[in-house]
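First comes the structure, then the notes that go with it.
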Amino acid sequence: MDLSPSTTPAPSGAPREHDGATAVRARGLRKTYGSGEAAVHALAGVDIDFEAGAFTAIMGPSGSGKSTLMHLLAGLDQATAGQAWLGTTDVTTLGDQQLTELRRDRIGFVFQSFNLLPMFTAEQNILLPLELAGTAVDRTWFATLADTLGIADRLTHRPSQLSGGQQQRVAIARALIAKPEVVFADEPTGNLDSRSGAQVLSFLRRSVRELGRTIIMVTHDPSAAAYADRVVMIADGRIAGDISSPTPESVLAGLDALRSLDEPAVR
Amino acid sequence: MLRLTLAQMRRSLGRLAAAGVAIAIGTAFLTATLLAGNALTRTTYDALTTTFADADLVVLSNAGLTPTELDALREVPGVDAVGTEHVLGVEMAGPGGVAWTGVRTEAVHPRLESSNPAEGRLPSSGSEVALPGSLADRLEVGLGDTVTSLVTAFTEDPAAADGTTTTEVRKERLTVVGVLEDGAAEVLGMPGDAIVSDTTFDAWAGLTGSSDETAYLDLALMALAPGSDVGATQDAARAALEGTDAIVRTQDEHAMALLEELTGQTRGLTSVVLAFGAVALLVAALVIANTFQVLVAQRTRTLALLRCVGADRRQLRRSVVVEALLLGVAASLTGLLVGAGVIQVVLAILGSSTDVPVPATITPSVAAVVVPLLAGVIVTVGASLTPARAATRVSPLAALAPVTAPRLAERGGRVRAWFAGLLVVGGTAGLVLGMLAVSIDPMLGLGIAVLGGAVSFVGVLVGAVFWVPRVVGLLGRGAARLGGPPARLAAANSIRNPRRTSATSAALLIGVTLVAMMATGAATTRVALDRTLDERFAVDVAVTGAAPEVTRDGLPEGFVTTVSELDGVGATSLLTGAPVEVTWPDGGDAPMSVTAQGVELDEVRELMRAPEHVDGLTDGTVLVPEQVTRWYGIPESGTVTISGSSGELTLDVVTTSFEADAVLLTKDTLDEIAPGAPANALWLTLDDLDSASELVTTIADTAADTELAVSTAGAAVERAFYQRVVDTLLAVVVGLLGVAVVIALVGVANTLSLSVIERRRESATLRAIGLSRRQLRSTLAVEGVLIALVGALVGSLLGLVYGWAGAWTLLGELADVSLVVPWAHLGLVLVVAVLAGLLASVLPGRSAARTSPVEALAVD
């Protein structure tokens with residue numbers, strides 16, 4: 001597991017200044033399905049920190065445990081062992097109601113298949129988390145989001161009247177509306193063509209750089225991962241590499257290194 | 001293909017089971033109705049045969065059998081005995097009150113005696129009596145106790161040459177020596193007769209002027225000598241009665257003939273109940289159609305895949321229909337067993353806890369098994385045909401297409417809209433036409449009105465897909481404003497699938513409309529009848545003495561006080577009464593003898609529901625009921641002379657519409673012509689008219705306690721009777737329709753759980769962005785309540801209109817019918833709907849709440 005981090009400069013713009021605070025942290029995080037001989041270690045003890053105000057990609061082949069890691073960090077699934085913190089809150093100890101409130105106020109989600117509610121307009125979809133929490137709408141923030149994501153003229157449309165890319169941008173606005181501490185994005189470009197995908201990824205990056213949000217994205221697409229400030233490689237339920245300021249090339253190189261490591265071990 | 005169908009059924013077992021419950025309830029209802037009908041027929045047959053004891057032949061005559069004819073019968077060879085049923089009507093008094101009963105002597109031949117003593121023996125001497133068990137219970141007497149017989153004797157007045165008779169009640173004390181078995185005939189509402197000795201019977205027959213020679217005998221029973229041939233004797237008896245209208249039947253022939261008459265009524269009743277069964281099955285059909293529609297939608301991908309690998313349209317359709325067939329058979333069989341079980345349990349309970357001689361086991365006739373089974377299967381398969389066609393329309397391409405968000409299902413087409421509109425407009429026109437035509441031909445009008453109403457209701461149901469979403473939307477907006485996010489989500493969700501929501505609401509609508517219609521009809525009928533009764537009767541209850549001594553001496557003070565102080569009795573007024581004679585110019589020579597009652601005007605005005613009836617009564621007038629003017633020919637205007645025991649007055653006639661058989665004067669006027677007239681009538685009002693039936697019974701009991709024969713009449717008495725009839729009918733009908741409502745609620749639960757399955761991804765998304773479990777559950781609860789409430793609200797409204805129209809059509813000619821809203825019933829319906837909507841959401845809500853937010857992230 002000794003993969004030296006790449007030092008290739010970021011694809012565009014100057015290297016960014018992070019404030020260095022940790023948004024999400026995991027220690028000895030483990031998830032096992034089944035028991036005894038049939039036990040499958042989806043996550044075999046992960047220690048990792050995610051910086052606040054950064055765009056981090058979690059990468060790995062399918063079955064590597066990257067989705068499991070995200071589920072545990074977001075409090076969507078129960079860990080077998082270990083701990084995960086959001087800020088100073090240990091999410092592995094919370095009950096269902098507390099987790100619901102945590103998701104409502106402090107976490108945002110972006111899904112691969114957008115998951116907008118078909119009976120509501122774009123605006124209603126974006127404001128839904130605030131409505132569920134019963135908090136007032138910050139109109140300025142709403143306008144900023146709509147402008148930044150380029151959906152200001154689509155707000156009265158229903159999801160069925162929007163393109164895939166537009167739907168995903170509405171979903172991003174929904175994830176950001178409550179100003180959560182962290183946004184988890186699960187393969188946000190998985191259902192999009194490459195142009196819309198690129199657009200969505202730039203929006204995610206802009207929302208980190210210009211709006212100061214923290215985003216953790218799970219993907220298996222190296223070119224998507226290259227939009228991030230940092231790429232964490234996962235293989236067989238372990239951290240297998242860490243690339244800061246990635247480029248598509250450096251990510252691919254990292255993947256190749258993984259594959260050459262894995263090949264003798266697997267099968 | 002069958003294997004595939006079975007595999008698919010296994011996967012949707014829960015769904016199918018829920019739909020199957022609807023069918024099972026319907027078939028159970030049908031089975032129970034048919035089996036109960038069978039049991040009733042058997043009970044009736046048994047009851048009929050016991051009435052004829054062990055008689056071999058039964059002779060019937062409308063003209064009445066004469067002594068000569070009876071003697072002729074006795075002389076027919078092979079006849080052992082001929083018995084007739086000469087019955088006298090006599091009143092019996094005991095500690096429990098006074099009751100009227102038939103009295104006869106022991107049958108002439110033991111094989112012709114239908115009553116056997118359960119205790120004691122039959123009477124042998126003059127002062128003995130054997131009472132039927134039910135009568136002994138009513139009089140509260142047992143073996144060795146005494147009862148008093150009250151026989152009304154007619155004696156010719158020796159002073160009057162024209163043969164006028166006077167009546168007198170003869171009292172006699174009798175010892176109860178036997179209590180008779182309550183025969184099966186009691187079931188038919190034919191209470192047994194009391195039996196007295198020959199001497200007592202002859203004495204009473206003499207008093208009442210009903211001797212064997214003059215009695216009207218329409219029935220004779222014949223016992224044959226051992227070894228004689230029934231057929232031959234029957235022919236001989238027929239020959240002996242040649243030239244009369246008498247019929248000679250064997251006992252079995254007669255029982256079958258009577259059964260035919262009686263079961264004609266039973267069959268009528270059964271078919272009414274079966275009509276409610278049909279309603280229940282119709283509702284079940286809607287539920288089934290709904291379920292299959294969703295099953296097909298859920299399996300779109302599988303169906304498309306099958307098309308890709310070579311299944312043709314026919315195979316897909318067959319698969320759906322076979323599934324419905326299997327479900328129909330399974331559910332109908334279950335319903336059949338449940339229905340049979342219920343009736344068997346009822347029979348067992350009746351048999352062990354009451355004296356009613358019911359059969360011990362059910363009689364499963366072919367019809368009772370085949371009809372429900374066939375109906376259940378046909379309804380299920382029929383309901384699946386449209387969804388089956390939808391299955392054939394799945395394109396093979398659908399298997400390759402990406403998963404799309406649940407489509408917002410289209411509303412109905414233009415053709416449907418026109419069709420529904422046409423039915424509603426045409427049906428309503430028919431209803432109105434029928435209501436108008438009633439004045440020309442009641443039956444024709446009623447027929448047109450019923451048909452029109454039914455057609456317009458079908459139109460409402462067909463058009464449900466157009467109006468239900470709008471009403472749900474309207475209600476939903478209200479709910480969204482009141483409730484938080486769950487209510488908003490529910491409101492938005494409930495109109496996403498207009499077709500399904502409509503079908504679900506419509507299923508509930510059917511039951512609710514019919515219940516509301518019946519309740520409104522009943523309430524409207526009751527008020528209309530009440531109003532008619534107020535016109536016809538002066539007061540709620542008028543108590544008068546039935547016995548001559550009460551008329552002569554007045555009502556005992558104790559009795560009057562007790563009645564006045566009864567709970568629920570309002571104002572009371574005592575009336576004096578005396579016989580008077582009325583003469584008028586051109587009235588011929590003979591004066592008319594009538595009873596005059598003296599009223600205290602102020603008191604009476606207080607307690608009359610229509611005081612204007614006594615408006616014309618003053619010290620100088622006499623109030624004559626129209627009925628009395630008709631009976632006696634008293635003129636409706638002008639003056640009459642009324643003479644009492646010590647004086648006469650000439651008074652102006654004022655008529656009134658209420659029914660009475662006495663003329664009314666003011667108390668002072670009556671005092672002038674008949675001083676010291678006894679207070680022998682009591683008028684009273686009731687505080688609460690709805691309690692009329694109990695109070696009238698209480699008053700009669702109070703009278704019986706003082707061994708007083710009084711008669712009660714008045715609006716409340718009639719009202720008590722109508723009320724019982726209307727209420728009983730309503731209770732039965734609502735109970736029957738309840739079955740349809742229960743099935744519809746199964747449908748609501750079904751629809752909700754389908755929504756839960758369809759929206760699993762959405763629920764997970766909502767959970768991921770911060771919807772709590774409780775909020776998710778309340779979302780479904782609100783949706784369930786919305787759907788149920790729409791059915792209940794619209795159903796109540798429609799029921800109100802139909803119920804009123806129905807009452808108007810039936811009674812418009814007889815009474816003034818105005819719309820009466822049965823608030824209590826409608827309120828109950830709404831409460832039940834809301835509760836049911838909540839209840840229906842419990843299970844789906846729990847399954848939805850189990851959804852993990854992780855599922856939102858899953859692809860496909």
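Every chain is numbered from 1 and lettered A, B, ... according to where its sequence line falls, protein lines coming before strand lines.
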Determine, for A:Glu131 against A:Arg174, whether the closest basic-nitrogen to carboxylate-oxygen distance falls under 4.0 angstrom. no
Is B:Arg488 positioned over the aromatic face of A:Phe120, cation under 6.0 angstrom from the ring centre and no more than 45 degrees off axis? yes
Are side-chain N/O atoms of A:Gln112 and A:Asn191 paired as donor and acceptor at under 3.5 Å? yes
Is there side-chain contact between A:Leu73 and A:Phe50, with heavy atoms separated by less than 4.5 Å? yes
Heavy-atom proximity to chain B below 4.5 Å, by part of A:Gln124: side chain
Quick check on B:Arg774 against chain A: is it the side chain, the backbone, both or neither that has a heavy atom closer than 4.5 Å? neither
Select, from A:Asp77, A:Asp96, A:Leu117, A:Leu116, the one with the greatest count of heavy-atom pairs under 4.5 Å involving chain B. A:Asp96
